[in-house]
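Structure first, then comments.
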Amino acid sequence: MDRRYFLHFSVLTAGYLFTGCEERGTTDKKKPQKSPEAGSTLEKISVQEEKVFEKVIPFTQKLKIPDEINFSKVDKALFSAQKSKVNLFSDAKTDVLTFQGDLPNPTIRISKGGTFNLDFTNNLADPTIIHWHGLIVPEEMDGHPKDAISTNQSKHYHYKVEQNAGTYWYHTHPHGRTGEEIYHGLSGLYIIEDKEEDYLNLPKDEFEVPLVIQDRRFDKKRQLLYKNPAFLPDNNGVIGDVILVNATPIPFHEVKTGKYRLRILNGSSVRTYKLAFDTIEQFLLIGTDAGLLEEPVSVESVVLSVAERVDIIVDFKDKQVGDKVILKTLGFKDGNNFGLNPDYPGFDAVMDIMQFHITENFKDTSVLPKKLVSIPRMKESEAVKTRRITMEVISGGIWTLDKKPYDMHRIDQRVKLGSTEIWELKNSIHMAHPFHIHGVRFQVLDRDGKMAFPTDKGWKDTVIVMPNEMVRIIVHFTIPGFFVYHCHILEHEDHAMMANFLVE
């Protein structure tokens, strides 16, 4: 069977590159100004609007595995947000943004109790900042948009990691430009280890594979295309037709006939995936955003919205050398009536993500434990307050929370330090939204009275809220400071769908 993709590349309108958030809260008086000497973050493109069809053969590029910065071996790391040219495709250089000159960016690995120590320099034309997604760190270390640093400025990150083992991630977080910066490369994985997880003897080393999944658009010269500001569906969320895994287009990865732990991040702008394998009916879900589940859950597929992570175990024991297994998205139907760019596959499209090539027999005698970790369940009776956060579109087509366009200096919620609260996340829009809170982890209580996703069983920092659904979460606030909560569809948070809370 000819598995060639006929990928549709759409070139943006002449002269357009990026736009930040055109509309801000009326009280936001501190909008960063560009340096008069500095040009745009990426050079403007000037091309005629056209459609280009090219044959791209999937599964011909080997999966890149990110380098690691392991804080058990190094005292300090250095990051510099910078323009780079890299080989995403084997036949061309692509203009991207990186932290150390290449993609994928390195995976950070650190043990619970360890000290994180990193110097970050901004070599971009616009202010930016790094957020450590899912980590509970002091306010000044979190990466709030108000703390973005200017061109040629540096910031020192230094904090102790006190969280349980899990798959976290990092990305830049400037207001109005988070989408464009992540789209062009500024994100990576952040893995925390602890002794409790070590005792479980889960697959590791070559049998532990990080996968950052991102859909992208390219022109015929293999350059990234972000969005057209005059095209409303792109402001609803930028969707693409080429899936990158670890900055590799539709790659393959060689495996043995044994168990593999896949740490998977949805690093896309808007696309939600329904992950499954074509010739493996079931696999084990062992972890969610902020750590392991209490016990493995056998699933046929798993839904992964933007910014969510899952840890899964897939076993290739029944395969033969020469067999191939495809990881794909089956298509996710969320009842969306907000149009996305029709030139690219929608959420409901079945798309191949990557392929596993079985290349070696391996006698795997390991046994997965039936019990993983204990998750202390927070009780509703412990909550001292219930808040409702409503996702809405207001006049002018502005994405908001509680009908208030984002103001990075306004306090939208005040929370008492050490308290436990229930947040009711109400989605009044015909589109699913991933909701993320900085500075906390939380547990899902219910979805309109029922549990609908196996990922709801674990510790979370991001949760998908379906159209016209209310999800109740319970949160314990353990660190003081000024933090944000927002939709993690990148174009929505850049627009105005974000708010601040103060823990005091």
Side-chain angles (χ1 to χ4, degrees), residues 5-10 58 179 182-183 211-218 225-228 231-245 249-250 264-278 285 289 299-310 312 326-354 391-393 397 399 425 427-436 447 452-456 462-469 471 486-495 497:
Y5 275 2
F6 291 85
L7 298 178
H8 175 225
F9 297 118
S10 177
I182 294 178
Y183 195 89
L211 301 176
V212 179
I213 302 175
Q214 300 169 308
D215 64 325
R216 296 292 186 255
R217 308 171 180 176
F218 295 88
L225 300 175
Y226 184 47
K227 67 176 183 175
N228 182 341
F231 190 53
L232 181 59
D234 278 351
N235 289 320
N236 291 339
V238 174
I239 203 163
D241 57 355
V242 179
I243 295 183
L244 304 182
V245 185
I250 325 166
I264 306 177
L265 159 67
N266 180 353
S268 301
S269 293
V270 62
R271 186 182 296 278
T272 295
Y273 299 91
K274 187 176 181 181
L275 301 175
F277 297 89
D278 66 339
L285 175 67
D289 297 342
V299 295
E300 296 179 355
S301 63
V302 64
V303 171
L304 195 66
S305 66
V306 178
E308 287 187 302
R309 290 87 65 206
V310 289
I312 66 172
I326 295 174
L327 173 64
K328 59 175 56 191
T329 178
L330 299 178
F332 173 69
K333 295 180 174 63
D334 69 345
N336 184 0
N337 64 4
F338 279 79
L340 297 170
N341 195 322
D343 288 339
Y344 300 92
F347 283 0
D348 58 349
V350 176
M351 301 175 70
D352 292 346
I353 294 173
M354 66 176 293
M391 306 172 187
E392 300 184 74
V393 177
W399 298 95
L425 311 176
N427 183 2
S428 65
I429 307 168
H430 288 282
M431 182 177 188
H433 294 272
F435 183 86
H436 171 53
R447 296 175 175 272
F453 294 96
T455 48
D456 288 344
T462 308
V463 64
I464 186 170
V465 186
M466 300 294 285
N468 296 312
E469 180 182 53
V471 175
H486 57 86
C487 171
H488 219 292
I489 292 174
L490 299 179
E491 289 69 44
H492 294 187
E493 69 170 277
D494 276 345
H495 206 211
M497 206 169 187

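Every value quoted in this text rests on a predicted model; they were computed, and no experiment measured them. Keep in mind that the numbers below use all heavy atoms, side chains included, and drop hydrogens, waters and symmetry copies. Sequential numbering from 1 along the given sequence is applied to the chain's residues.
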Give me the atom names and distance for the closest heavy-atom approach of [X] to [Y].
X: Glu493; Y: Cys487; value: CB-O, 3.2 Å
X: Ile213; Y: Leu275; value: CD1-CD2, 4.2 Å
X: Ala307; Y: Arg309; value: O-NH1, 2.9 Å
X: Arg447; Y: Ile464; value: NH1-O, 2.7 Å
X: Gly237; Y: Glu491; value: CA-OE1, 3.3 Å
X: Leu490; Y: Ser268; value: CD1-O, 4.0 Å

With sequence neighbours excluded, tell me which residues meet side-chain hydrogen bond (donor to acceptor under 3.5 Å, both in side chains) with Thr462.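 Here the qualifying residues are His133, His436.
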According to ring-ring contact (aromatic ring centres under 6.0 Å, His included), who are the partners of Phe332, at least two apart in sequence or on a separate chain?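 Phe332: no ring-ring contact (aromatic ring centres under 6.0 Å, His included) contacts found.
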Supply the atom-to-atom distance [X] [atom1] to [Y] [atom2], rounded to the nearest 0.5 angstrom.
X: Glu469; Y: Met391; atom1: CD; atom2: CE; result: 9.5 Å
X: Phe277; Y: Lys328; atom1: CZ; atom2: NZ; result: 12.0 Å
X: Glu392; Y: Asn427; atom1: CD; atom2: CG; result: 9.5 Å
X: His492; Y: Trp399; atom1: NE2; atom2: CH2; result: 4.0 Å
X: Lys333; Y: Phe347; atom1: NZ; atom2: CZ; result: 13.0 Å
X: Asp215; Y: Ile243; atom1: CG; atom2: CD1; result: 6.5 Å

We want to know whether Glu308 and Tyr273 form a side-chain donor-acceptor pair, criterion being a heavy-atom distance below 3.5 angstrom.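 Glu308 vs Tyr273: no donor-acceptor pair found between side chains.
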Test applied, side chain to side chain contact (heavy atoms under 4.5 Å, CB included); reference residue, Asn341; option that passes from Asp241, Asn236, Asp234: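 Of all the options given, the one that passes is Asp234.
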Going by side chain to side chain contact (heavy atoms under 4.5 Å, CB included), Pro58 matches just one of Ile250, Asp352, Ile326. Which one?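 Testing each of Ile250, Asp352, Ile326 against Pro58, the sole residue satisfying side chain to side chain contact (heavy atoms under 4.5 Å, CB included) is Ile250.
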Check: [X] side chain, [Y] main-chain N or O, donor-acceptor pair, under 3.5 Å:
X: Arg217; Y: Val238; answer: no
X: Gln214; Y: Leu244; answer: no
X: Arg216; Y: Ile239; answer: no

Does Met497 reach the side chain of Ile489, with side-chain heavy atoms less than 4.5 Å apart?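 Side-chain contact under 4.5 Å: no.
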With heavy-atom distances below 4.5 Å as the criterion, would you say the side chains of Met431 and Val270 are in contact?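 Result yes, sub-4.5 Å side-chain heavy-atom pair found.
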For the pair Lys227 and Asp494, find out whether any cationic side-chain nitrogen is under 4.0 Å from an anionic carboxylate oxygen.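 Salt bridge flag = no for Asp494 with Lys227.
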Could you walk me through whether Thr455 and Val303 pass the side chain to side chain contact (heavy atoms under 4.5 Å, CB included) check? CA-CA 8 Å; Thr455 48; Val303 171; over 6 Å; no
